[in-house]
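Here's the structure we're looking at; comments come further down.
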Amino acid sequence: MALRVEHDIFVVRQRGREVAAAVGLEHQDQIRLATALSEVARDLLRAVGGADVTFAVDLDEQGPPRVRVDLAPVRPLPDGQYEPHSGAVARLVDMLGVVDREGDTVVRMSRRVPASSQALTPERLAELRTELGSSAPGSALDELASQNEQLIAALDEVRSQRDELAVLNEELQETNQGVMALYNQLTEELEATNQGVVALYAELDEKSAQLRSASESKSRFLANVSHELRAPVTAVIGLSRLLADSASDPLTEEQAQQVGLIRSSATDLLSLVNELLDLAKAESGRLEPNWTEVDLRAVFGQLRGTLRALSTRTDVELVVEDPPPPGTVRSDEVLLAQVLRNLLHNGLKFTERGEVRLRAEVRDERWWLSVVDTGAGIAPELHERIFEEFYQVPGSPRIGGTGLGLPYARRVVRLLGGTLELTSEPGRGSTFTVTLPIGGG
């Protein structure tokens with residue numbers, strides 16, 4: 001088509017809409033393409049006196065086909081460039097710009113054909129070319145009337161969208177009001193919850209302070225009572241020894257037996273007092289380790305000698321294995337020996353036959369000191385309870401003891417930077433394991 005006079009703008013616009021409809025563009029896209037074409041045609045008519053307009057379809061195997069319009073200016077474009085008078089024109093089509101076509105500079109625009117349209121085969125394109133060629137273009141009045149119809153339809157659509165937008169705004173406003181009401185409600189509930197949490201924390205802090213105070217009072221009480229009891233108990237033991245001394249007046253057999261009971265009871269009481277004092281020191285934090293390089297072989301040898309004399313059951317053998325090299329650990333020798341002595345003494349008390357064995361091994365840069373006995377064993381649900389103060393396993397033989405040895409031992413081991421754990425099953429004996437870092441806590 002030739003674009004030379006103002007009337008041709010209407011013809012080009014009409015043809016553009018007809019081509020767009022023929023290849024399958026949707027109604028709105030037909031109007032967009034026709035509008036963009038009329039604007040570009042008007043610009044070129046004013047700037048260079050017109051152009052030759054060509055309609056074509058690009059078939060691309062890599063993507064959807066495109067309807068293309070090339071406008072070849074009758075005179076060269078200024079500076080070889082084209083800028084549409086209206087900036088909105090470029091948004092009406094997928095592509096708008098100046099390209100080189102067989103040595104000529106043309107203004108090209110294109111629009112994708114929707115995939116839902118009829119396939120544009122060469123045969124189909126030939127049919128469309130014939131149909132468009134046989135149709136006569138309408139007059140300017142016809143095109144103007146068509147534009148007015150399109151404008152009215154667009155206005156109706158805009159009004160409809162405006163009404164829908166107004167309804168959506170009202171709904172959004174109601175939603176916002178509901179959200180704000182919910183937000184205010186949640187804020188009030190959160191503030192109330194925060195106040196409750198603050199009050200709860202204050203109460204917990206108060207209870208914690210009370211518990212600390214009670215624990216300190218208990219520790220002070222145990223320490224004071226232990227100190228006060230130690231002197232008279234020691235005096236009772238001394239007096240009983242004097243009464244039983246061969247240099248004193250001889251006692252009858254019954255008197256000697258009663259004096260022996262007094263001394264035995266006083267000795268047990270002194271042991272209880274000492275355990276209470278040790279526990280009070282551990283709980284109050286006044287028990288501080290004296291860190292040195294401890295030779296485990298010497299400690300094990302001392303335990304072997306002292307506890308073998310305490311083993312009164314002939315059916316129970318005490319076995320203390322020599323620790324493997326290097327045989328040293330950074331710890332407190334007195335406290336460590338006290339813990340191991342406690343564990344061995346418990347094993348000897350509650351094992352009727354078999355053996356109580358102390359062994360040591362190094363694993364994962366830690367010492368594992370285990371006291372293994374062949375006693376009755378302890379049920380799994382009681383493994384932690386035996387580390388509670390004054391607790392003794394139900395049904396176990398009453399062979400003395402206060403139930404303070406194991407709690408004290410665990411506290412001391414933790415103070416030394418280690419752990420004290422129990423592995424046991426009824427009928428399979430018990431294993432108490434002390435783990436300590438080689439380099440100390």
Side-chain angles (χ1 to χ4, degrees), residues 267 270-271 273-313 316-351 354-375 386-387 401-402 404-424 429-441:
T267 302
L270 181 61
S271 176
V273 169
N274 289 333
E275 288 182 352
L276 287 173
L277 184 59
D278 290 339
L279 185 63
K281 288 181 179 179
E283 286 186 343
S284 62
R286 293 196 300 269
L287 193 64
E288 296 185 1
N290 179 25
W291 298 100
T292 59
E293 289 295 327
V294 179
D295 186 353
L296 290 178
R297 289 169 294 185
V299 173
F300 279 29
Q302 181 185 10
L303 293 173
R304 185 186 296 112
T306 56
L307 290 176
R308 186 165 290 167
L310 296 177
S311 181
T312 58
R313 291 195 176 97
V316 179
E317 181 183 6
L318 174 64
V319 180
V320 179
E321 301 179 0
D322 290 330
T328 59
V329 60
R330 183 166 180 79
S331 185
D332 186 305
E333 182 174 354
V334 176
L335 294 179
L336 179 59
Q338 190 176 8
V339 169
L340 296 177
R341 186 183 301 110
N342 184 300
L343 297 177
L344 287 170
H345 190 252
N346 276 355
L348 292 172
K349 282 196 304 181
F350 295 102
T351 302
E355 68 175 21
V356 177
R357 180 179 297 269
L358 171 61
R359 60 173 175 239
E361 59 180 330
V362 177
R363 281 189 285 162
D364 302 328
E365 300 297 324
R366 297 178 70 86
W367 276 106
W368 294 64
L369 312 178
S370 302
V371 176
V372 185
D373 65 54
T374 56
I386 65 171
F387 292 102
T402 60
L404 293 174
L406 289 177
Y408 173 73
R410 175 170 273 187
R411 287 181 182 271
V412 170
V413 171
R414 288 176 177 171
L415 188 64
L416 296 177
T419 61
L420 172 58
E421 303 296 336
L422 166 64
T423 303
S424 180
S430 303
T431 300
F432 289 89
T433 303
V434 175
T435 63
L436 293 171
I438 294 179

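Predicted model, so just to flag it, every value in this text is computed and none were measured.
Residues Val434 and Thr419 are not in side-chain contact: their nearest non-hydrogen atoms beyond the backbone lie 4.5 Å or more apart. Taking 4.5 Å as the limit, every side-chain heavy atom of Leu369 sits out of range of all side-chain heavy atoms of Val339. Side-chain contact between Phe300 and Asp295 is absent, with no heavy atoms from C-beta onward closer than 4.5 Å. Contact of the Trp291 side chain with the Leu416 side chain is registered, since non-hydrogen atoms from C-beta on lie closer than 4.5 Å. Between Val362 and Trp367, the closest side-chain pair of non-hydrogen atoms falls below 4.5 Å. For the pair Asn342 and Asn346, the minimum side-chain heavy-atom distance is below 4.5 Å.
Using a distance-only test at 3.5 Å, with no hydrogens or angles considered, no donor-acceptor pair links the side chain of Asp373 to the main chain of Thr351. For the pair Thr328 (side chain) and Val294 (backbone), a donor-acceptor distance under 3.5 Å is absent.
With sequence neighbours left out, Ala337 forms a side-chain contact (heavy atoms from CB on, under 4.5 Å) with Val299, Arg341. Arg366 pairs by the salt bridge (charged side-chain N to carboxylate O under 4.0 Å, His left out) definition with nothing, not counting sequence neighbours. Qualifying side-chain contact (heavy atoms from CB on, under 4.5 Å) partners for Glu355, counting only residues two or more places apart in sequence or in other chains: Glu317, Val319, Arg357, Thr374. Applying the side chain to side chain donor-acceptor pair (under 3.5 Å) rule to Arg414 yields no partners; only residues at least two apart in sequence or on another chain are considered. Legend: residues meeting side-chain contact (heavy atoms from CB on, under 4.5 Å) with Thr433, ordered by chain and number and at least two apart, are Trp368, Ser370, Thr431, Thr435. Residues meeting the side-chain contact (heavy atoms from CB on, under 4.5 Å) test with Asp322, sequence neighbours left out: Arg304.
Of the charged side-chain nitrogens involved, none lies within less than 4.0 Å of a carboxylate oxygen, so that Arg359 and Glu361 do not count as a salt-bridged pair.
When all heavy atoms of Val329 and Leu296 are compared, the pair lying nearest together is CG1-CD2, 3.8 Å. Nearest heavy-atom pair, Pro323 versus Ala360, reported as atom, atom and distance to 0.1 Å: CB-CB, 4.0 Å. The two residues Ser430 and Leu422 make their nearest non-hydrogen contact at CB-CD1, 4.0 Å.
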Step by step, work out the side chain to side chain contact (heavy atoms under 4.5 Å, CB included) result for Val356 and Val371.
CA-CA 7 Å; Val356 177; Val371 176; 4.1 Å; yes
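Atoms CZ and CZ, from Phe432 and Phe387 in turn, are 5.5 Å apart once rounded to the nearest 0.5 Å. To the nearest 0.5 Å, atoms CZ (Arg410) and CD1 (Ile386) are separated by 8.0 Å. To the nearest 0.5 Å, atoms CG (Leu307) and CD (Gln302) are separated by 9.5 Å. How far CG of Leu318 is from CG of Leu358: 8.0 Å, rounded to the nearest 0.5 Å. Separation of atoms OG (Ser331) and CD1 (Ile438) is listed at 12.5 Å; rounding is to 0.5 Å. Between atom CG of residue Leu344 and atom OG1 of residue Thr306 there is a gap of 8.5 Å, rounded to the nearest 0.5 Å.
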